[in-house]
Amino acid sequence: MLAKKPPMGWNSWNTFGPKVNEQVVREAADKIIELGLKECGYEYVIIDDVWMLPERDENHRLVPNPETFPSGMKELADYVHSKGLKFGIYSCAGILTCAQLPSSFQFEFIDAQTFAEWGVDYLKYDFCYKPHSFSAHMLYNRISLALRSCGREILLNSCNWGVEDPETWARNTGIHIWRSTGDIEDNWNSIKDIFHKQYEKSCFGAPGCFNDMDMLVVGMNGEGHVGLGGCSTTEYKTHFSLWAMQCSPLIIGADISKLSDEHLAILKNKEIIAINQDEDARPPQMIADWTNKDKFTLVRMLSNNEYAIGIFNLSDDESTVVTSLFDVGLPFDSGLAFELHEVWENKEYGKVCDYLKFTLPAHDCKIFKAKVVKQ
Ligand code: GLA
């Protein structure tokens, strides 16, 4: 099964936008290995929009731009594969891509065949310039069937921003990850907005078909194509924690060669990644604070009867977040308690059997791994 767990990797768009080229893709693959990101689970190297020439060839096939991709896609895919990584590419359900280049509408079967010949493992399939008379469901069905009959296993990432309720048809269409909201920007408001907008959709994710909250902006520092403002290290930590708790794909969007040590450490936090990649892939329950929707606790049941508990303060002020363990199914008279280990601080918090109460700085969070033990 593809996407048994949320896919992890790197995508060119957030940093390089339309300036993507072969060199940055090769360098991303090199750095994923050099910096130990592959061992953490990052495996897909994905080229986003603006890799193709404005015209198809005489056989109606898409042609990589020879100025930016002189080796061609087969050779580039071979390079990525030689590192033990997987190769992803981009197209779109409409008549043009979002950057107005040739797209796959009415060429789905030719394009799937071309991608298979190049050695593509992952297709990000966007939604711009879609003819109004075709439903999203139908067009994603079509590319899905094209991929399933192309002779190669290719993961399908639908990027339709939540239009026409993809959570109701993504799974039956064969999509492996579906974007539920618009494009992320490298600033706190964008991160918060995405979380609030798609939270209620997270229950639709499960092995084989996950809700995608968009690529990560961790480590962009306000630079690159969507680097509009930048975030503090605390905000990047909270962003990564939210995506991990929500079972969203973890696709790095920063320039990997420019990551600072502290931002790299966020992306490499093995315990947070393990929560995201937990094989049960159960979505979190939200326990909201009574007073403010920016203060809440996310609780996920993990495999092996463990729990992940995320306490979040998305508000702009230092705040105290209180969570009754009663709401998590743990009455005091059960004789049981949660034994808490905080992942970011790598610190033990001992046993708790009544409530959690933490004062957090603005935009901060705590993520606990919890075991149910005797009081
Ligand atoms: C859309 C997508 C982005 C990116 C661009 C490329 O906006 O949502 O993730 O792929 O198109 O043009």
Side-chain angles (χ1 to χ4, degrees), residues 2-3 6-7 11-14 17-18 46-50 52 88-108 111-112 122-148 154-187 189-206 208-217 225-226 228 242-243 246-249 251 253 283:
L2 282 176
N11 174 299
S12 61
W13 186 255
N14 281 2
I46 305 152
I47 303 171
D48 210 286
D49 203 352
V50 195
M52 59 288 264
I89 210 163
Y90 165 103
S91 190
C92 179
I95 51 172
L96 294 171
T97 72
C98 296
Q100 304 186 333
L101 286 160
S103 187
S104 292
F105 179 69
Q106 303 294 44
F107 294 99
E108 292 89 350
D111 289 353
Y122 177 120
L123 175 65
K124 173 171 172 180
Y125 205 61
D126 216 334
F127 201 58
C128 283
Y129 299 102
K130 178 194 78 86
H132 294 299
S133 40
F134 287 81
S135 74
H137 188 184
M138 179 189 168
L139 290 179
Y140 282 99
N141 243 333
R142 204 191 269 187
I143 189 66
S144 183
L145 198 147
L147 292 179
R148 277 161 195 261
I154 299 181
L155 186 152
L156 176 56
N157 165 10
S158 85
C159 174
N160 97 323
W161 326 301
V163 179
E164 298 177 32
D165 305 320
E167 67 276 10
T168 62
W169 44 263
R171 179 168 284 274
N172 69 28
T173 309
I175 286 166
H176 298 98
I177 66 175
W178 45 279
R179 266 277 286 285
S180 50
T181 36
D183 289 10
I184 196 166
E185 292 175 1
D186 179 22
N187 57 60
N189 282 344
S190 170
I191 289 167
K192 194 163 124 171
D193 186 51
I194 287 177
F195 176 77
H196 281 311
K197 276 193 184 140
Q198 61 78 62
Y199 172 71
E200 67 279 5
K201 296 173 179 174
S202 65
C203 59
F204 293 94
C209 184
F210 287 100
N211 176 3
D212 174 16
M213 294 166 70
D214 205 357
M215 283 100 59
L216 300 164
V217 293
H225 191 66
V226 306
L228 303 162
L242 283 169
W243 266 234
Q246 291 278 100
C247 297
S248 179
I251 308 290

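Here, residue 1 is the first one in the sequence, and each next residue gets the next number.
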Do [X] and [Y] have side chains that approach each other closer than 4.5 Å (heavy atoms only, starting at C-beta)?
X      : Y      : answer
Ser103 : Tyr129 : no
Arg142 : Gln106 : yes
Ile177 : Pro7   : yes
Asn189 : Asp193 : no
Glu164 : Thr168 : no

message = Would Cys128 and Cys98 count as a disulfide pair, i.e. SG atoms separated by less than 2.5 Å?
response = yes
ask   = Looking at Tyr90, Tyr125, Tyr122, which one forms a side-chain hydrogen bond (donor to acceptor under 3.5 Å, both in side chains) with Asn157?
value = Tyr122
query = Can you name the ring pair (Phe, Tyr, Trp, His ring centres under 6.0 Å) partners of Phe127, sequence neighbours left out?
reply = Trp161
ask   = When the ring planes of His137 and Trp169 are compared, do they come out parallel, tilted or perpendicular, using 30° and 60° as the limits?
value = parallel
For [Y], is there any backbone N or O sitting under 3.5 Å from a side-chain donor or acceptor partner on [X]?
X      : Y      : value
Ser144 : Thr173 : yes
Asp49  : Trp13  : no
Thr181 : Ile194 : no
Ser158 : Asn160 : no

remark   = Which of Asp214, Ile184, Leu228 passes side-chain contact (heavy atoms from CB on, under 4.5 Å) with Ser190? It is Ile184
Of all heavy-atom pairs between [X] and [Y], which one has the smallest distance, and what is that distance?
X      : Y      : value
Ala170 : Trp178 : CB-CD1, 3.4 Å
Ser180 : Asn211 : OG-OD1, 2.6 Å
Ser135 : Met138 : OG-N, 3.0 Å
Arg171 : Gly208 : NH2-C, 4.3 Å

